[in-house]
Amino acid sequence: MAVILGIISLVSLGIVIFGAYQTGGVAKTGYGFTALFALFYSLAGLVMGIVTVLNKNYYKPVPVAGILLNGASLACIGLILYMGGYLR
């Protein structure tokens with residue numbers, strides 16, 4: 001589940017960034033809500049991945065991939081917020 005949530009959040013962030021690029025940098029309100037949901041999905045996926053890695057009965061590479069995907073998504077969200085505040 002952590003991998004699926006990471007993929008969903010990264011794809012939705014990619015769509016939001018592409019949509020804002022197409023409109024010349026003017027983001028619609030829906031883009032903000034999509035990024036907010038991507039943040040929640042990433043946090044939930046990160047927690048699920050960490051809990052699964054700490055359990056000794058599971059196959060480790062899949063939850064580690066989920067942690068990496070959700071971490072990348074959180075890094076992208078952080079970069080978007082940083083750039084939005086810095087360029088303003």
Side-chain angles (χ1 to χ4, degrees):
M1 191 68 183
V3 173
I4 293 170
L5 288 174
I7 291 171
I8 289 172
S9 63
L10 281 174
V11 168
S12 63
L13 282 175
I15 291 170
V16 165
I17 292 170
F18 182 73
Y21 174 75
Q22 290 291 88
T23 59
V26 179
K28 298 178 184 176
T29 306
Y31 294 162
F33 284 119
T34 304
L36 184 65
F37 284 129
L39 174 70
F40 292 143
Y41 286 158
S42 295
L43 289 174
L46 188 66
V47 169
M48 286 182 201
I50 291 171
V51 168
T52 306
V53 164
L54 294 178
N55 193 346
K56 295 179 183 178
N57 297 329
Y58 287 103
Y59 186 64
K60 300 289 185 208
V62 176
V64 169
I67 291 171
L68 292 175
L69 286 171
N70 289 304
S73 178
L74 288 173
C76 287
I77 292 170
L79 182 65
I80 290 169
L81 291 174
Y82 175 74
M83 293 296 284
Y86 179 72
L87 295 176
R88 193 165 239 213

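Positions are given from 1 along the sequence. What you are looking at is a predicted structure, and each value in this text was computed from that prediction instead of being measured. Heavy atoms only: backbone and side chains are in, while hydrogens, waters and symmetry mates are out.
- The hydrophobic clustering, which links ILVMFWY residues whose side-chain heavy atoms are closer than 4.5 Å, places Leu36 and Leu81 together.
- Identified under the side chain to side chain donor-acceptor pair (under 3.5 Å) test for residues 26-43, with sequence neighbours left out: Ser9-Ser42, Ser42-Ser73.
- Leu13 and Ile15 fall into different hydrophobic clusters, defined by Ile, Leu, Val, Met, Phe, Trp and Tyr side-chain heavy atoms under 4.5 Å apart, directly or through other members.
- Classification of the Tyr86-Tyr82 ring pair by plane angle, with boundaries at 30° and 60°, yields parallel.
- Under the 4.5 Å side-chain contact rule for hydrophobic residues, Ile67 and Val62 do not share a cluster.
- One distance of note links CD1 of Ile77 with CG of Leu43; it measures 7.5 Å at 0.5 Å rounding.
- Under the 4.5 Å side-chain heavy-atom criterion for ILVMFWY residues, a single connected hydrophobic cluster contains both Ile80 and Phe40.
- The backbone N or O of Ala2 sits less than 3.5 Å from a side-chain atom of Asn70, completing a donor-acceptor pair.
- When Leu69, Leu68, Ile8 are each tested for a side-chain contact (heavy atoms from CB on, under 4.5 Å) with Val3, only one passes: Leu69.
- We find the SG-CG distance between Cys76 and Leu74 to be 9.0 Å, quoted to the nearest 0.5 Å.
- Counting heavy atoms from C-beta on, the side chains of Leu46 and Leu5 never come closer than 4.5 Å.
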Using distance only, find each side-chain donor-acceptor pair of residues 48-56 under 3.5 Å and give its atom names and separation, not counting sequence neighbours.
unit_1	atom_1	unit_2	atom_2	d
Thr52	OG1	Met48	O	2.7
Asn55	OD1	Asn57	N	3.4

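- Each of Ile7 and Met1 belongs to its own hydrophobic cluster when Ile, Leu, Val, Met, Phe, Trp and Tyr are linked at side-chain heavy-atom distances under 4.5 angstrom.
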